[in-house]
Amino acid sequence: MFVDAETIRLLWPEIILIAMASWIYIAGAFQPHRVWWTCFSLAVYGVVAYVLLGTESTMWSAETALVGISGPLRIDFLGFILRCFAVLVGILFTLIGARGSSRQLTSEFLATVMLLVAGLMLVARANDMVLLFVSLEMISIPTYVLLYLGRRDRANSEATIKYFFLSILSSGLFLYGLSFLYGIAGTTTLVGMMGQESVQAAAAGFVQEGGELYQAMAPIALVLLMAGLGFKIAAVPFHFYAPDVYQGCSNANAGLLAVAPKIAGVVAILRLLVVAMPWAADIGWQLAIVLAVLTMTIGNVCALWQTNLRRLMAYSSIAHAGYMLIGISVAFAFHEGTSASGGIGATLFYLLVYACASLGTFAVLVALGSKESEVSGLNELAGLAGQRPALAAALAVFMFSLAGIPPLAGFWGKLTLFSSAVNTATATADNASFAAWFTLLAVAGALNAAIAAAYYLRVVAKMYFRPAQGDLPANGGLGAQAAVVVCVVLVLGLGLFPRIAVQVTHLAEAAVAPVDPGSLSAAAAPLPRLAGDVQGSDDASWDR
Amino acid sequence: MTDLIPLSTCLVLIPALPLVAAIVVAVLGARLLKERSHYVVVGAFAGSFLLSCLLLLHLNANQAGNADGGTERSAGFAQVVTLWTWAHVDDAYEFESTDPATMADAGPHDFDIRIALRADALTGMMLAMVTFVSTLVAIFAAGYMHGDRGYWRFFSYVALFVFSMTMLVSVTNFVLLFVFWEAVGVCSYLLIGFWYEKPAAAAAGMKAFLVNRVGDFGFALALFLIWSTYGTLNFHDTLADGSPAPIALDAAVSPADGPAATVTDGVVRGVLGVRRITANDYVGGQVALMICLLLLLGACGKSAQFPLHVWLPDAMEGPTPVSALIHAATMVTAGVYMVARCTPLFMASPEAQLVVACVGGFTALLAGLIAMTQFDLKRVLAYSTVSQLGYMFMALGAGTFTGITAGMFHLFTHAFFKALLFLGAGSVMHAMGNVIDMRQFGGLRKRLPITHWTFFLGCLALAGVPPLAGFWSKDTIVAAVHERAHELEHEAAHRHEVEPSRPGGDHGRPAEDQGGGGAIRHFAGHSHAADGEPSLVPVALIAAPAAGGHSVLESLSTEQLHRYAGIYQLLYYVAMVTAFLTAFYTFRAFYLTFYGEERIPPEAEGHAHESPPVMWVPLAILAFCAVFAGLAFDRTYLRVDATHLFAEFLANAPSLAAGAVTTTKVPYEFHLMVAGLSSAIALSALLIATYLYLGGRREILWLKSIFDFELIAGNLDVEAVAGWSRVGWIAAIHRQARAAHLGWLTSLVGNLFLMAVLVLTTPFLLGRTLSPYNLSQRKFYLDEIYFLVIILPMRALGAVCFVVDRWVVDGTVNAIGRIPPRFGALMRPLQLGLVQFYALAMVLAMLVLVAAKFIWAAG
C-alpha cells in the first residue's frame with residue numbers, strides 16, 4: 001500500500017483527532033478537570049468540522065459525487081456525509097457522556113470517544129480490506145474501553161466482557177471472510193478506478209471468468225462477512241449480545257452501542273458487500289431479505305415484553321437493523337438487474353434518522369438520571385409529562401419518530417425504505433421470484449412497523465397517562481440537555497423538510513454506485529455515467 | 001365618495017371586518033375586552049354595512065354605465081376579485097360532452113379553486129341586508145346578553161357567523177359556496193347550543209347540525225354533478241390561467257356565430273358565467289332535473305323547507321338575538337339566495353321549478369297551520385319564518401323573472417320585519433325573566449309600550465296589511481304564481497291553435513297579442529326575440545339569443561302544460577290560504593302577549609319593564625324599515641312611472657340579466673285584483689283573530705273543545721259507562737231484576753253497553769289524537785314520525801354496529817394483537833445470558849446460512 005502526500009492531506013481530520021486524543025490521554029493524567037476537557041474536546045471537534053467542511057464541502061455536486069481514489073481511500077460523497085455525521089455523533093457523545101464518568105476518568109472517556117470517531121471517519125472512506133478491518137477495530141477497541149469506563153459494578157463488567165468476547169468472535173469471522181474474498185479477488189482494493197488491472201479483476205473480470213471457483217466460494221465469503229458485520233449492526237442471529245449488553249451498561253454507553261457500530265456496520269456492508277461484490281448479489285439479496293425479515297420480526301416481538309428501557313431500546317435497535325437490511329437487499333437486487341434503485345439512499349437516510357432518534361432517546365435517559373442513579377425501568381417514566389414536560393415531550397418525539405409516525409423523520413425513513421422495496425417488486429414484475437420476495441419484504445416491514453408502534457407508544461402512554469411514582473433526579477447535566485435539543489431539532493427538521501436529506505442520500509448512493517466494467521477500461525474523465533445515474537436514481541416520489 | 005374606496009376593496013373588507021372582529025374578540029375577549037366585546041363587533045358590523053352601501057353605490061354607477069354604454073345586449077354587471085389560489089390540480093378532468101349545450105367546453109379542465117369574491121346586484125343586495133340586520137341585532141344583543149357568562153364568546157361566534165354569511169353570498173365558486181355553507185352551519189351549531197349546559201339547547205344545536213347534514217349531502221352531490229356536467233365549478237368565466245375573464249360581451253357573444261363562437265381565446269365558461277348565460281348553454285332533461293333537485297335538497301336544509309324544516313323551531317333554544325340573526329338575515333336566506341343565484345340552472349328544468357314551488361307551497365301551508373296553535377311566542381315566529389320561506393320558494397319556483405325577483409324582494413322585506421318581531425320577542429323575554437310561554441303572561445302593552453308598538457308594526461307587515469312592507473312583497477309573489485299558471489294555460493292554448501304549423505310556426509301570433517293591452521303579460525314563453533322585432537318588447541332590455549328564447553317550455557308536452565298550470569293554480573290558492581293563516585297566527589300571538597288582563601310570571605321578579613334604549617332603538621329602526629321598505633322599492637302602484645326599483649336593480653345580476661329568464665320578463669304591473677283579494681283575506685283573518693283573542697282567552701279553550709270532540713267524547717267515556725251501575729235508578733232496576741232472578745239480563749245489557757262503548761271510543765280516541773287542533777299543536781307529529789322512521793332504525797343499526805364492533809371486530813383485532821407477544825415469548829428463552837451459547841448460536845446460524853445456500857443451489 002503506497003501512501004503519498006495526497007492521501008495524508010485527505011486524512012487531516014482523522015489525524016487531528018488521533019493526535020488530540022493522544023494529547024488528552026497524556027495531559028488528562030496531570031490535569032483531571034471535567035469541564036475543561038469537555039470544552040477542549042468540543043473545540044477539537046469544532047476544528048475537525050471546520051477542516052472537513054472547509055476542504056470538502058464545496059467539491060461535491062451531482063457531477064462529482066465520486067472524485068477519486070487515493071491510496072486506500074475512496075473520496076466520494078458518501079464518505080463525506082458520513083464523516084460529517086461521525087463528527088456530529090462525537091459531539092453529541094461528548095455532551096451526553098461527559099457528566100457520567102467519574103472526574104478522574106473524564107479525559108480518558110473523551111479521548112476514547114475521539115478515537116472511536118476517528119475510526120468511524122476512516123470506515124466511511126475505506127477502500128481497502130485492510131484499512132476497513134483496521135478502522136472497524138478502531139471502533140471496537142475504544143468501545144470495549146468505553147463500556148468499562150461507564151460504571152464499576154458487576155453488571156457492567158459482565159456486559160463488557162460479553163461484548164468483548166463476542167466482538168472478538170465476530171471480528172474473527174469477518175477476517176476469515178476477508179481472507180476468502182482476497183482469495184477470490186486477488187486484491188485488497190474494494191472498488192477501483194480506471195487503469196488498475198488488479199481492480200478490474202476484483203470488480204468485474206472475475207465475474208466473467210471465475211467459473212466454478214466463484215460458485216463455491218462466494219457464498220462462504222459473503223456469509224462470513226455478513227456474520228461479522230451483522231454483529232456490528234445487531235442483526236438476527238448475531239444479535240444475542242445486544243439486550244444483555246445494553247441492559248448491563250450505562251445509558252450513555254448504550255446509546256453509543258446503538259449508534260456507532262451500526263453506522264460502521266451499515267457503511268461497511270454497503271461498501272464491501274453491495275458495491276464491491278456485485279458478483280455475489282444473487283446470494284446477497286436472498287440473504288439480506290431473510291435476515292431483514294428475521295431481524296425486524298424478532299426485534300419487535302421481543303421488545304413487546306421488555307420493561308427495562310435499555311433492553312427495550314436494544315430490541316428496538318435490532319428491529320431497526322432489520323429495516324435497514326430492507327434497503328440493503330434492494331441495493332443487492334439492483335445488481336441483479338432490477339431497474340429500481342434507491343436502496344442505498346434509503347438505507348442511508350434511515351440510518352441518519354434512526355441515529356438521531358436513538359441518540360436522542362438515550363440523551364433523554366441520561367438527562368433524567370444522575371451519576372448515582374440511572375433511569376432504567378419503564379415504570380420510572382410514569383407521569384414524567386407532569387414533572388418534566390420538556391424532556392417528556394422530547395422523548396415522545398423520539399418515540400414517535402422511531403415508531404414512524406408522520407410528520408417525523410422516522411416516517412419518511414420508513415416510507416423511503418418500504419417504497420424502495422415496493423419499487424423493486426413492481427420494477428421486476430416479470431421476474432416472479434423477485435416480485436414475490438420484495439412484496440413479502442414490504443409487507444413484513446409494514447406489519448413490523450405496526451407491531452413496533454405498540455411498545456413505543458407504551459413509553460409515551462406511561463409518561464402522559466400514568467400517575468407519577470416518584471421523582472427522577474433529572475441531573476444529567478447541561479450537556480445531555482443540549483444533546484436532546486440538537487436531536488429534537490434534527491428529528492423535527494428531517495421530518496418537516498425531508499427533501500434535502502433524501503436528495504443528499506441519493507447523491508451519496510450515486511457516489512457508491514458500482515463501477516461499470518465498461519468504463520473501467522476506458523480511461524475517461526471522472527465517470528460521466530455516474531452523473532447520469534444521479535439524475536436517474538432520484539426516487540420518483542421525491543421529485544414531486 | 002365612491003372614488004375613495006374602490007369596489008374591490010369594499011368587497012374584500014365587508015367579510016374581512018367581521019372576521020377580524022371575531023378573531024380579536026376570541027383572542028382578547030376573555031381577558032381584556034370582557035363586557036366591552038360588543039364594541040368591536042358592532043363597530044365591525046357597522047363598518048361592513050357602510051361598505052355594503054358603498055358597494056351598492058358602486059354597483060349602481062357601474063350598472064348605469066353599462067346600460068348607457070349602448071350595448072343592447074347588456075348582460076348585467078359583475079366584478080370578480082381574486083385573492084389567492086386555494087387549490088389547483090392541472091388537467092384534473094378530461095371533459096367529454098355529447099350534449100350540444102356543453103360541447104364547446106370539451107377538453108382538459110383544471111381543477112382550480114381560487115378564493116375569489118364577486119360583486120353583482122344579487123350579492124350587493126344580500127350583503128347590505130345581512131350587514132344591516134346584523135348590526136342592529138348586535139346592538140340589541142349588547143343589551144340582551146348583558147351579564148351573561150359567555151358574553152365575549154357570544155360576540156365572537158356572532159362575528160364569525162356574519163363573516164361566513166357575507167362570504168357565502170359573495171364567493172364566486174361552488175366549492176367555496178359549499179365551504180361557507182358549512183361554516184354557517186357550524187356557527188349556527190355553536191350559537192344555537194350557546195347555552196350548552198341546557199340539555200335542550202345542546203340537543204337543538206345538534207339537531208340543526210344533523211338535519212342540515214342531510215341537505216348538505218344533497219348539495220355536495222349536486223356539486224359533483226355540476227362538475228361532471230359542466231367541467232367547472234366557477235360561477236364566473238375564467239381565462240385559461242384561471243384568472244377571471246373580463247366581461248367583454250361584444251367579443252364574446254354574437255348570436256349569429258352560434259354557440260361554438262362563445263368559447264374564444266381560451267375562455268373557460270363558468271357555470272353561471274356571462275358567456276354561458278347569454279348563450280343559454282345549459283344541459284336540460286334528466287341531468288338538469290337531478291342537479292336542481294339536489295341543489296333544492298341543500299337549500300331545503302338551510303332554509304328549513306319541508307321535510308328538513310324540523311330543526312328551525314327547535315333552534316329557538318339559542319339566545320333570542322341569534323334567533324333573529326338566523327331567521328331573519330343570515331342562515332335561512334342562504335338557501336333562497338343559492339336557488340336565486342342558480343336561476344339559469346333551474347330555468348333549464350321546468351319540472352324542477354315546479355318541485356321548488358310545490359315544496360315552498362306545502363311548507364308555507366304546513367308551517368302556517370302549525371303556527372296557529374303554538375304557545376311559545378318564539379315558536380310561533382319560527383314557524384312563521386318557515387312559512388314565509390315557503391313563500392319565497394314558491395316565488396322562485398314560479399320560474400319567471402317576476403317570480404324570482406319577488407322571492408328576493410320578500411326575503412329582503414322579511415328580513416326587516418322578522419328581525420323586528422324576534423327582537424321584540426326578545427324584549428318581551430327579557431322583561432319576563434326568560435319566560436316565553438304565552439299562557440304565562442299577557443296584557444303587556446302598558447308595561448312594554450315601545451315593544452308593543454314596534455311589535456304591532458311588525459305584525460302588520462308580516463300579516464301583509466297594506467301598505468306595509470310585507471304586503472308588497474307577498475302580493476308580488478302571489479301575483480307571480482298566478483301569472484305563471486295563466487301563462488302556462490295560455491301557452492297550451494296557443495299551441496293548440498298553431499299546432500298544424502309547428503314547429504317554428506309561431507310567428508304570427510305575438511303580433512296579434514300585441515294588440516290587446518292585457519295580453520302583453522302573456523308574452524313570456526314565446527320567442528319574440530327570434531322574430532327580430534325588439535320593438536315588441538317595450539321593457540325587456542335584453543335581446544335574448546335565438547337559442548335561449550323558447551327552449552324552456554318547449555320541452556313540455558301540451559298535457560304537461562295543462563297539468564303544470566293546474567298545479568300552479570292550486571299553489572295560488574295555497575298562497576291565499578297561507579296569507580289568511582299568517583295574519584291569524586300573527587295577531588293571535590300579538591293579542592295573547594300584549595292584550596287581555598295583565599299577567600306577569602313569577603320569574604319576572606318585578607323587573608317587568610321596558611327594555612333599555614340599546615334594545616329598543618334597533619326595534620324602532622327595524623320598524624321604520626318594516627313600514628316603508630315596500631313602499632320605497634315597489635313603485636308599481638304609481639300610475640305613471642310604474643316600476644319596481646328592487647327588481648330593476650336585481651335585473652343587473654348576471655344570473656337574472658341574460659338567458660332564458662329574461663324571456664319571461666314582463667312589464668311591472670300592480671295586480672289590483674290579487675292585491676285586493678289578499679288584503680281582504682289578511683284583514684278578515686286579522687278581524688277573526690281580534691274577535692277570538694282580544695279580551696279573554698276562553699276562545700282558545702272553546703276552539704280546543706270543538707276540535708277535541710269533547711261533547712261526544714265526554715259521554716263515551718268507558719269509566720262513565722262502568723259507573724252507570726252506581727247511578728241511582730239504574731242500580732234500582734238492577735236490584736229489582738236480581739230479585740226477579742233476571743240479574744243476568746241487566747248485567748248482560750250493561751256489559752253489552754260497555755263493549756259497545758269500548759268499540760266506539762277507539763276511533764274517537766284516535767280522532768282526538770288526530771284532531772286538527774292536536775295535529776297543529778303537535779306539529780303534525782312530524783318529529784315523532786322522524787323518530788320512528790329515521791332515528792329509531794338508526795339507533796338499532798347503531799346498536800348492532802356496536803355489538804359487531806365490540807365483539808367481532810375488536811375481538812379479532814385483539815386476538816391478532818396477542819400473536820406478536822406470543823411469538824416474542826417463544827424467543828425469550830433463547831436469551832440465556834450465557835456468552836458461550838451466544839457465540840455458539842452465531843457460528844451455528846452462520847453455518848446454517850451457508851448450508852442453506854448450498855442445499856438451495858443443489859436442490
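Per chain, numbering begins at 1; letters A, B, ... match sequence-line order.
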| task | Could you tell me which of P821(B), A825(B), G817(B), A845(B) has the largest number of non-hydrogen atom pairs under 4.5 Å with chain A? | result |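 Looking at each option in turn, the highest pair count goes to P821(B).
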
| request: Give me the ring orientation class for F240(A) and Y838(B): parallel if the planes are under 30° apart, tilted from 30 to 60°, perpendicular past 60°. | output: parallel

| task | Return the minimal non-hydrogen interatomic distance between Q831(B) and P243(A), and the atom names on each side. | result | NE2-CG, 3.8 Å

| request: Might you point out which heavy atoms bring E158(A) and G833(B) nearest each other, and give the distance in Å? | output: OE2-O, 4.4 Å

Is it the backbone or the side chain of [X] that comes under 4.5 Å from a heavy atom of chain B, or both, or neither?
{"X": "L447(A)", "result": "neither"}
{"X": "L287(A)", "result": "side chain"}
{"X": "F238(A)", "result": "both"}

| task | Counting only heavy atoms closer than 4.5 Å, note whether L830(B) contacts chain A via side chain, backbone, both or neither. | result | both

| query | Considering only heavy atoms, which portion of V848(B) lies under 4.5 Å from any heavy atom of chain A: side chain, backbone, both, or neither? | reply | neither

| message | Applying side chain to side chain donor-acceptor pair (under 3.5 Å), can you list everything that pairs with Y456(A), at least two apart in sequence or on another chain? | response |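 Once residues adjacent in sequence are excluded, the partners of Y456(A) under the side chain to side chain donor-acceptor pair (under 3.5 Å) criterion are S316(A), H320(A).
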
Look at atom [atom1] of [X] and say whether more than 12 heavy atoms of other residues, nucleotides or ligands are closer to it than 6.0 Å.
{"X": "W437(A)", "atom1": "CH2", "answer": "no"}
{"X": "F837(B)", "atom1": "CZ", "answer": "yes"}
{"X": "F180(B)", "atom1": "CZ", "answer": "yes"}
{"X": "R213(B)", "atom1": "CZ", "answer": "yes"}

| task | Check ring pair (Phe, Tyr, Trp, His ring centres under 6.0 Å) between Y189(B) and all other residues, then give those that pass, not counting sequence neighbours. | result |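 With neighbours one apart ignored, the set is F209(B).
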
| What residues of residues 297-307 of chain A sit under 4.5 Å from chain B when you count only heavy atoms? | T297(A), I298(A), V301(A), C302(A), L304(A), W305(A)

| query | Among residues 169-181 of chain A, which ones touch chain B with a heavy-atom distance under 4.5 Å? | reply |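 L169(A), S170(A), L173(A), listed by number.
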
| message | Rounded at 0.5 Å granularity, tell me how far CD1 in I220(A) sits from CG in L849(B). | response |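 Those atoms lie 12.5 Å apart.
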
